[in-house]
Every structure is written in structure tokens, then in C-alpha cells.
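What follows is a set of notes on a single structure, which appears directly below.
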Amino acid sequence: MLTLGIETSCDETSCSVLKGTNVVLSNVVSSSLFRHQPFGGVVPEIASRHCLEQIDVVFQEALKQAGIKASELDLIAVTQGPGLIGSLLVGVCFAKALSYQLNIPLMAVNHLEAHLVAPWISKAEAPAQLPKEEPSRFIGLLVSGGHTSLSYHEKNKAVLMGETVDDAVGEAYDKVAKILGLGYPGGPIIDKMAKEGNPKAFLFTKPKQKNRFDFSFSGVKTAVLYQVQGHQSLRAQRSNPHSEIASGKKHPRNDDSSLPHSFVCDIAASFQEAAVRWLVDKTLDAVTFKHASDIVVGGGVSANSHLRKTLTEEGERLALRVWFPPLWLTTDNAAMIARRGFEMFQQNRKKNSSKQRSLKLTGNPHLQIAS
Ligand code: KG4
Ligand code: ZN
């Protein structure tokens with residue numbers, strides 16, 4: 001069985017051909033990241049225009065790399081949400097038209113749930129990396145630029161246990177990088193700079209939440225801002241004690257690219273230490289609460305080297321299995337959408353793929369995990 005996955009929830013346009021349950025024949029991604037970089041974040045209008053320009057090119061390339069014709073496809077899976085409505089509609093409309101033309105079923109996929117199936121797929125040449133058996137019960141830790149959540153999964157049903165009450169962890173990485181003048185996206189660069197810094201140089205207080213499985217990341221971002229401003233005032237005082245910054249009348253710029261390298265590395269390492277510790281502690285608490293023995297991690301921040309190392313070590317210490325996607329599947333991609341759509345199709349959700357339903361499908365920017 002050949003499934004076409006289509007992903008256009010944000011700034012990436014991706015199409016993938018999946019063979020059977022887990023063999024990725026192609027996974028083509030066209031990113032508009034370079035177009036957003038001058039603005040320090042994703043501009044929705046630019047993202048959706050890029051999706052519109054790229055979708056057919058990416059689709060044709062995915063077929064070519066998989067070595068198949070469109071008429072050989074058996075199923076289409078498309079991201080329904082969450083995401084930017086303009087981008088979502090490009091993928092959904094393309095998928096509906098294709099499903100109608102080829103007369104094959106169409107599955108609407110939740111992007112967040114799809115991130116958590118990424119560890120179960122691989123390229124044809126690397127099947128040995130896949131687990132012998134996928135866990136039927138696990139704690140899902142979703143860490144991306146727009147979402148941070150803990151969910152409990154059992155027998156293909158998911159329950160949301162907690163989520164961020166303010167910024168997502170990826171968003172916190174991006175904002176901290178902006179304060180430090182490091183550019184966008186901030187996650188990979190902070191991950192790199194943290195390796196040269198002292199994680200104990202600054203102590204960031206753990207936020208308290210009413211729901212023990214909820215997260216909060218906006219406080220740590222503000223604490224980083226204060227540290228940077230304090231450092232800049234001190235420097236200004238030393239070089240010119242009468243300046244407005246030194247006297248506290250004027251705040252220094254928040255994206256100062258002239259901060260000393262060692263200071264930036266120390267902030268990066270200390271911020272990362274705190275953020276990862278909070279993610280890991282809450283995940284282990286959720287594992288204990290649900291008596292689970294498997295953890296599945298997904299989303300862009302699952303590429304983070306410190307998170308991967310810390311959670312893997314904790315897993316070994318507590319005899320838990322911890323599943324991360326391979327690095328090429330951590331950021332947004334259509335292979336995980338194809339896999340999730342295929343899974344839903346197999347789980348007797350055939351009624352969801354009726355022609356009538358498919359043609360009524362539309363994007364849902366606010367879709368939640370387990371909704
Ligand atoms: O899942 P994703 O590709 O897009 C969303 O659905 O949001 O995640 C993007 C996020 C960005 O905030 C980016 O800074 C973060 O993932 N990210 C990382 C790393 N690589 C990407 N964060 C920390 N460490 C990384 N190595
Ligand atoms: Zn994502």
C-alpha cells in the first residue's frame with residue numbers, strides 16, 4: 001500500500017510517499033525559513049504563499065524520488081491542523097482535489113499526534129533502526145515551536161495530561177536567542193552555544209503550576225532578558241559612568257549582538273539546563289503517575305542534544321524505554337503525516353475517509369492533541 005503524506009501547517013511544504021507501515025520511499029521538504037529570517041519569526045502571509053508556490057513542485061518531486069506514478073497511490077493523508085490557516089488550506093485543498101481525481105480515500109491528520117509516530121518510520125535503507133514492537137501504552141512529550149504538552153496514550157487513544165500555559169518551549173528557545181542577538185530559529189544555535197557554556201552560571205527558578213503536568217516558559221525568557229540588561233548596564237557603567245544606560249534611564253537593546261561570547265554561552269547553557277530539567281522532571285512524574293514504561297518524544301525541540309542525552313540517561317537509570325525520532329524527522333515533514341494517516345485508515349476509521357466527508361474537509365488551526 002502506498003500512502004501520500006502532505007504537510008503544510010506552517011513554513012514547510014512537504015510531500016512524502018510511505019510504503020506499507022514504515023518504509024519512507026521519499027520525503028521532500030521545501031522550507032520558507034530563509035524568507036522569514038529577516039523578520040525574526042514566521043510571517044503567515046509569506047508562509048502560505050510559499051506553500052502555494054511549492055506544493056505541486058514538491059508533490060512531483062516526491063513521486064519522482066519514490067519512483068512511482070500518481071495513479072499508483074492508494075491513500076492520501078493531509079495535515080488538518082493545528083497551524084496557520086493559510087498554509088493549512090493549501091495542503092487540504094490540494095489533497096482534496098487529488099483524492100477526487102485519483103478516486104482514493106483521504107485522511108485528515110492531527111499534526112501533533114503525527115509528531116509522536118515519527119520514531120516508527122525509516123528510510124528503506126535503514127530499517128534496522130526501527131523497534132521490533134511499538135509500545136501500545138506510553139507517555140507522549142511533544143516539544144515544538146508552537147506546542148508543549150504531555151499526553152497519555154493507550155490502545156490508540158490519547159488523553160492530554162498537561163500543556164504550556166504560556167510560551168511553547170521552542171518559542172522560548174527562539175525568544176532567548178533573539179534577546180542574545182543569535183538569529184532565528186534559536187533552538188539549534190542555543191543548543192550549539194550551550195556546549196561551550198557553564199550550565200550553573202545562572203540559576204533560573206522553576207515555575208509552579210496548578211496542574212502538576214502543565215509547563216510555563218515565559219518567566220525564564222524574562223529572567224534571561226533581565227540578566228542581559230543587567231550585564232549591559234554594568235558594562236556601560238564601566239566604560240562611561242555618565243551614560244543613560246549606566247544610570248538606568250535607558251534600557252539597552254534586547255538583541256545586542258556585541259555581548260561577550262562567554263556570557264552568551266553561559267546564558268545559553270543555563271537556560272537550556274533549566275528548560276530541559278523541567279521537561280524531564282514533569283515527564284518522569286507523568287510516567288510514575290500512569291505507571292508507564294515508555295516515553296515517546298516528538299516535535300522540533302526533540303532534536304535538542306541535551307534533552308536527548310538527559311532523558312535517555314534517566315530512562316536507563318529507571319529502566320524506561322525512551323523513543324526519539326531520527327534527527328531528519330524531528331522538524332515538520334510529510335512522512336510522519338503519511339504514517340499517522342495510514343495508521344488511522346487501518347484502525348477501522350474507514351468511515352472517516354468516505355468521499356462525501358473528504359470533500360467537506362477543511363483546515364483547523366486550533367486542533368489539540370487527542371481532540
Ligand atoms: O516542530 P517544529 O519543526 O515546528 C512546529 O510545529 O512548531 O519545531 C520548530 C522549533 C523551533 O522553535 C526551533 O527553534 C526548535 O524547534 N528547535 C530546537 C532545536 N532544533 C529545532 N530547539 C532546541 N534545540 C534544537 N536542536
Ligand atoms: Zn511540528
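Worth saying up front: this structure is predicted, and the values here are computed from it rather than measured. Order of appearance sets the numbers: ligands from 1, and atoms from 1 within every ligand.
Atom-to-atom distance recorded for Tyr173:OH and Gln272:CD is 3.5 Å, nearest 0.5 angstrom. Interatomic distance, Asp11 CG to His36 NE2, rounded to the nearest 0.5 Å: 5.0 Å. Expressed to the nearest 0.5 Å, how far NZ of Lys96 lies from CD of Gln101 amounts to 15.5 Å. For the atom pair CG (Leu279) and NE2 (His306), the distance works out to 10.5 Å, reported to the nearest 0.5 Å.
For the Zn ion (ligand 2), protein N, O or S atoms closer than 2.8 Å were enumerated as His111 NE2, His115 NE2, Asp332 OD1, with waters left out.
Within the structure, side chain to side chain donor-acceptor pair (under 3.5 Å) contacts touching residues 71-91 (residues at least two apart or in different chains) are Glu7-Thr79.
There is a side-chain donor-acceptor pair under 3.5 Å between His261 and Glu196. A donor atom on one side chain and an acceptor atom on the other are not found under 3.5 Å apart for Ser305 and Lys192.
Between Phe289 and Phe213, the gap from one ring centroid to the other is short of 6.0 Å.
The protein residues lying under 4.0 angstrom from ligand 1, judged by non-hydrogen atoms, are His111, His115, Ser144, Gly145, Gly146, Gly170, Tyr173, Asp174, Pro185, Gly186, Gly187, Pro188, Asp191, Gly299, Gly300, Val301, Ala303, Asn304, Thr331, Asp332.
Residues satisfying the salt bridge (Lys or Arg N to Asp or Glu O under 4.0 Å) test with Glu133, not counting sequence neighbours, are none.
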